Q: 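Supplied in structure tokens, the structure appears directly below.
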Amino acid sequence: MAMELSDANLQTLTEYLKKTLDPDPAIRRPAEKFLESVEGNQNYPLLLLTLLEKSQDNVIKVCASVTFKNYIKRNWRIVEDEPNKICEADRVAIKANIVHLMLSSPEQIQKQLSDAISIVGREDFPQKWPDLLTEMVNRFQSGDFHVINGVLRTAHSLFKRYRHEFKSNELWTEIKLVLDAFALPLTNLFKATIELCSTHANDASALRILFSSLILISKLFYSLNFQDLPEFFEDNMETWMNNFHTLLTLDNKLLQTDDEEEAGLLELLKSQICDNAALYAQKYDEEFQRYLPRFVTAIWNLLVTTGQEVKYDLLVSNAIQFLASVCERPHYKNLFEDQNTLTSICEKVIVPNMEFRAADEEAFEDNSEEYIRRDLEGSDIDTRRRAACDLVRGLCKFFEGPVTGIFSGYVNSMLQEYAKNPSVNWKHKDAAIYLVTSLASKAQTQKHGITQANELVNLTEFFVNHILPDLKSANVNEFPVLKADGIKYIMIFRNQVPKEHLLVSIPLLINHLQAESIVVHTYAAHALERLFTMRGPNSATLFTAAEIAPFVEILLTNLFKALTLPGSSENEYIMKAIMRSFSLLQEAIIPYIPTLITQLTQKLLAVSKNPSKPHFNHYMFEAICLSIRITCKSNPAAVVNFEEALFLVFTEILQNDVQEFIPYVFQVMSLLLETHKNDIPSSYMALFPHLLQPVLWERTGNIPALVRLLQAFLERGSNTIASAAADKIPGLLGVFQKLIASKANDHQGFYLLNSIIEHMPPESVDQYRKQIFILLFQRLQNSKTTKFIKSFLVFINLYCIKYGALALQEIFDGIQPKMFGMVLEKIIIPEIQKVSGNVEKKICAVGITKLLTECPPMMDTEYTKLWTPLLQSLIGLFELPEDDTIPDEEHFIDIEDTPGYQTAFSQLAFAGKKEHDPVGQMVNNPKIHLAQSLHKLSTACPGRVPSMVSTSLNAEALQYLQGYLQAASVTLL
């Protein structure tokens, strides 16, 4: 339906947008829900664009631009099998107006619209939006730098992805198209802007605008040159490199800023130029060779003359990264090999940039989350320390001996300084630890810590003499930075320090969970979690539950206490350590679970009011699953206690529609329900009808968890459903019908269908059976994918096992005469080789055996000619390698590609479902079962089976078959 572009609608929209900014959730939430409910209507996006252009209220303008961008992000991509969420007329109107609107809007709105253009561009450019580039390039002529910068900013967000896309013909074609249209105008703009800079050399406000342009132009240069060296840029290298070099050495007093924190335009431009030079030095070194020495000199001078202020961090780290990338290339080695050069690099660049500055200390104390992210997760790519570390690593590639020698001297003198007066000189020790770490670590991974170390550094000795004493001191709150360094050292070198030293550290780490410093107790939790995941020689965990047992109580107490420390109420590292401790300790935690599950449930209730930390939430649900699993393994009856503890919170989460948590709740409920042995408790049956509501199935993130929960209902309570909820069976089949229509989720539809066939009493689904098959055939006709065929084969064989071979033949031929033969000939015989998975193959083997030996029409109608080919394909399923080829046009179907903002499904590892084998009781070895069934068939019609086998089965298959008969000790009569 359409919303008119009327003043009344603009007014309504304005009021709702105002409400979405209200801090009170009672006002904000309904407004968000309202906007969500109307965003499918035609003209909705155009109303937003009208508001951001014409509204008198600046706040509304910005709010409309953000809402518009998020709307585009959620809905622009057309997902196969799903309704197109924006009508064609709106799409055309958006593309026709958005560039002009973006260029004429103030900067704050320009940024949002520029992002929206790049989202649309990612889907539609170049095929569905061919005139985008020309429209943008033409604006370069305008001479208005507000417009030009808008174009450059948009081009940057559009082309940025060339930096991380995989090579493909499509990508090359697109980049070529962009270069043809864009490279020359960009180069001309670059030259013109630089000329304007000298014309306006004394006009500060003009320079600021021009330098913003130069920064964007330099970023575009990086994106367009990233995949390969374009011919155009090779031919114009002189222009670009000479100007880059000039800009690097430029120092305009008017552009210097007083701010010590924020990088100014000059710094940002020089940083990007360092990146561009590093790109060329690494990738195109032959072409770049004659420019390189000039850049090395310029960048070296830059490093030696730039101060320690925070605003220079990006510049300094990019400049150091440039040196790091140059010094590890064999043919630039000569620039660095002189001992004096090495000493001077160590003394003037590396050591000063490893110091812990006042700004770092501030971040450590007041902005710990950011500090941890930079320091632990390696998002410190642009910190001085990380760059200095990389330079040490680069230099060690060719000069490990001399560099280690120079630094050992520094490390010793720093440690001596510290020893003279620890409380004043603790920063010296911090720098020493950092230097040792950067010297020793050659290769590192998140999962394993350091994997290759410098042989010249004795890590264990350093640990015992300099790290352990800090961690053993009685006061966990003294010298927090050194404590954090020590804990991080254990974490990084956990594979190099012997196990007995690590065991000594475990109680010390547990102790540091009580430290007031957020960084220290977070590092302690993270270090414990990493140690508990280490693997020993036989791939069991390095530490056994028995070795940790003496500390169980204090470990669990301190971990849960740490969640009450200021700033750590949703600390993902602590929650991950809780999960890992449960997993390692197993039954040792059972006595503590009653109090722990209460604490976990309270935490769950608190965060469900406003879920903001996805990792924390994920590990919290994992910990809940572990508590259930570990307790119910030895005492299944305890499941009721968990239900009592959890159901109240679960009900609240479902009623308040907390989207992020619903898939988790369903997974935990599946785990609880699967723990019940016999029937379904009434508390679950009350929920059953709600699970079939279409709105829950609209969200892709819910589907896997919901399907599994419904499967648990069917496995545990099919009789209850058949007797007490038979009116819900059509709803159940409606879900199957929705899932089967989607290429992304059809396998989930089959999971559900297979559970219905396997567990429901046959009479309860009788009246629906034919309709089910008709739906499957319609899908086969419309879009037959490999994944669908594999699932379909498993289903028909399961059906055959459950209802008998004759029932399968009759239902096919009841839909259309001779249909059964077509399915055998066109689907089962040619495609059976594609089935994967042991249980799936076994189901197919038992089903086909039944078709061969328990289906009279196979022996005496026109279907008989298919008997031997079917047997041949079954022997192939047993003996030939699986056929895992996928037709080219299908390669992209299975990717769970949900457009942004939909809660994606996150599988809980510890809610895992055991693989279920529906034919396990009946058939142990399908090959022997085939031999026994053929023997039984041959006693019923003597002489026929051997002749059918010997005349048309190929020799190799015949040989395998004789092997099965021998193994089963039977013969064919």
Side-chain angles (χ1 to χ4, degrees), residues 103 105-108 110-111 114 139-156 185-222 239-278 291 294-295 297-322 352-353 357-359 382 384:
L103 296 174
S105 297
E107 193 161 338
Q108 213 179 353
Q110 197 176 60
K111 284 201 166 94
S114 169
R139 307 295 173 112
F140 282 168
Q141 314 308 312
S142 70
D144 173 350
F145 272 87
H146 176 71
V147 170
I148 290 174
N149 282 350
V151 173
L152 291 170
R153 192 176 296 121
T154 306
H156 172 51
L186 187 72
T187 308
N188 292 337
L189 181 69
F190 182 50
K191 292 192 289 201
T193 311
I194 285 182
E195 276 174 26
L196 284 171
C197 287
S198 46
T199 322
H200 296 282
N202 302 319
D203 176 351
S205 62
L207 283 178
R208 277 199 286 278
I209 295 171
L210 294 168
F211 267 76
S212 309
S213 308
L214 288 172
I215 292 168
L216 286 163
I217 292 171
S218 306
K219 288 185 173 181
L220 284 163
F221 177 88
Y222 190 85
T239 304
W240 284 93
M241 289 306 153
N242 287 344
N243 281 314
F244 279 158
H245 183 263
T246 313
L247 289 170
L248 262 185
T249 49
L250 175 89
D251 186 19
N252 188 315
K253 294 283 176 283
L254 292 177
L255 284 170
Q256 288 174 355
T257 55
D258 298 336
D259 190 332
E260 291 199 358
E261 303 278 322
E262 271 304 298
L265 295 169
L266 207 52
E267 290 80 47
L268 289 172
L269 177 62
K270 290 182 178 185
S271 312
Q272 185 58 49
I273 292 174
C274 289
D275 265 354
N276 294 354
Y291 299 97
R294 269 193 281 172
F295 275 89
T297 313
I299 288 174
W300 171 256
N301 289 332
L302 199 69
L303 278 171
V304 185
T305 55
T306 300
Q308 279 284 10
E309 291 83 358
V310 175
K311 67 173 170 186
Y312 300 122
D313 284 7
L314 181 68
L315 174 58
V316 168
S317 75
N318 281 1
I320 297 177
Q321 290 291 4
F322 167 78
N353 284 303
R357 299 169 303 168
D382 50 1
R384 294 177 180 235

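Note that the coordinates shown come from a computational prediction; the quantities given were computed from them, not determined experimentally.
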Q: Partners of Trp300 by ring-ring contact (aromatic ring centres under 6.0 Å, His included), sequence neighbours excluded?
A: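 For Trp300, no residue satisfies ring-ring contact (aromatic ring centres under 6.0 Å, His included) once neighbours in sequence are set aside.
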
Q: Checking Arg294 now: which residues fulfil salt bridge (Lys or Arg N to Asp or Glu O under 4.0 Å) with it, not counting sequence neighbours?
A: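 If we apply the salt bridge (Lys or Arg N to Asp or Glu O under 4.0 Å) test to Arg294, skipping adjacent residues, there are no hits.
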
Q: Run the ring-centre check on Phe244 versus Tyr291 and record whether the distance is less than 6.0 Å.
A: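 Between Tyr291 and Phe244, which both carry aromatic rings, the centre distance is not below 6.0 Å.
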
Q: Could you tell me the separation between the CZ atom of Phe211 and the CG atom of Leu254, rounded to the nearest 0.5 Å?
A: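 Here the interatomic distance stands at 10.0 Å.
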
Q: Please check this pair: side chain of Gln272 against backbone of Leu269, looking for a donor-acceptor N/O pair closer than 3.5 Å.
A: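 Answer holds: no.
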
Q: List, one per line, each side-chain donor-acceptor pair under 3.5 Å for residues 141-148, sequence neighbours excluded.
A:
| unit_1 | atom_1 | unit_2 | atom_2 | d |
| --- | --- | --- | --- | --- |
| Ser142 | OG | Arg139 | O | 2.8 |
| Ser142 | OG | Asp144 | N | 3.2 |
| Asp144 | OD1 | His146 | N | 2.8 |
| His146 | NE2 | Ser105 | O | 2.9 |

Q: Please identify each residue that fulfils salt bridge (Lys or Arg N to Asp or Glu O under 4.0 Å) with Lys311, with sequence neighbours left out.
A: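 Applying salt bridge (Lys or Arg N to Asp or Glu O under 4.0 Å) to Lys311 gives none.
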
Q: Please round to the nearest 0.5 Å and tell me the distance separating atom CG of Leu268 and atom CG of Asn318.
A: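 Taking CG in Leu268 and CG in Asn318, the distance rounds to 10.0 Å.
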
Q: Got a second to check how far His245's NE2 is from Asn242's CG, nearest 0.5 Å?
A: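 His245 atom NE2 to Asn242 atom CG measures 8.5 Å (nearest 0.5 Å).
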
Q: When you look at Leu265 and Thr257, which way does the side-chain contact (heavy atoms from CB on, under 4.5 Å) test go after all the steps?
A: CA-CA 9 Å; Leu265 295 169; Thr257 55; over 6 Å; no

Q: Can you list, pair by pair, the side-chain donor-acceptor contacts under 3.5 Å of residues 189-199, counting residues two or more places apart and other chains?
A:
| unit_1 | atom_1 | unit_2 | atom_2 | d |
| --- | --- | --- | --- | --- |
| Thr193 | OG1 | Leu189 | O | 2.5 |
| Ser198 | OG | Glu195 | O | 2.8 |
| Thr199 | OG1 | Glu195 | O | 2.8 |

Q: Give the minimum heavy-atom separation between Ala298 and Thr249, together with the two atoms involved.
A: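 It is CB-CG2, 4.1 Å.
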
Q: Search all heavy atoms of Arg357 against all heavy atoms of Gln308 and return the closest pair with its distance.
A: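 Residues Arg357 and Gln308, closest heavy atoms: NH1-O, 2.9 Å.
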
Q: Out of Asp275, Leu302, Ile215, Thr306, which one pairs with Lys270 under the side chain to side chain contact (heavy atoms under 4.5 Å, CB included) rule?
A: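 So, applying the side chain to side chain contact (heavy atoms under 4.5 Å, CB included) to Lys270 and each of Asp275, Leu302, Ile215, Thr306, only Leu302 qualifies.
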
Q: By side-chain contact (heavy atoms from CB on, under 4.5 Å), which residues pair with Ala277, not counting sequence neighbours?
A: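 Phe288, Phe295, Phe322.
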
Q: Identify the two heavy atoms, one from Ala201 and one from Leu207, that lie closest to each other, and give their separation to 0.1 Å.
A: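 Answer, listing the atom of Ala201 first, then Leu207: O-CD1, 3.5 Å.
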
Q: Test of understanding: with side chain to side chain donor-acceptor pair (under 3.5 Å), list the residues that count as partners of Thr154, not counting sequence neighbours.
A: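 Ser114.
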
Q: Taking CD in Gln256 as the centre, count heavy atoms belonging to other residues, nucleotides or ligands within less than 6.0 Å. Is the count above 12?
A: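 It does: Gln256 CD has more than 12 such atoms within range.
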
Q: Considering residues at least two apart in sequence or located in another chain, which fulfil the ring-ring contact (aromatic ring centres under 6.0 Å, His included) criterion with Phe140?
A: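 Partners of Phe140 under the ring-ring contact (aromatic ring centres under 6.0 Å, His included) test: Phe182.
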
Q: So which atom in Arg153 and which in Gln110 form the shortest heavy-atom distance, rounded to 0.1 Å?
A: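 Looking at all heavy atoms of both residues, the shortest contact is NH1-OE1, 2.7 Å.
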
Q: Test: salt bridge (charged side-chain N to carboxylate O under 4.0 Å, His left out). Region: residues 239-252. Which pairs qualify, not counting sequence neighbours?
A: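 For residues 239-252: Asp251-Lys253.
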
Q: Suppose we screen for side chain to side chain donor-acceptor pair (under 3.5 Å). Which residues come up paired with Asp203, at least two apart in sequence or across chains?
A: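 In terms of side chain to side chain donor-acceptor pair (under 3.5 Å), with neighbours along the sequence ignored, Asp203 is linked to Ser205.
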
Q: Are side-chain heavy atoms of Gln321 and Cys274 found at a separation under 4.5 Å?
A: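 Sidechains of Cys274 and Gln321: no contact.
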
Q: Taking side chain to side chain donor-acceptor pair (under 3.5 Å) as the test, write out the residues that go with Asn243, two or more places apart.
A: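 With neighbours one apart ignored, the set is empty.
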
Q: Test of understanding: with side chain to side chain donor-acceptor pair (under 3.5 Å), list the residues that count as partners of Thr187, not counting sequence neighbours.
A: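 Side chain to side chain donor-acceptor pair (under 3.5 Å) check on Thr187 returns Trp240.
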
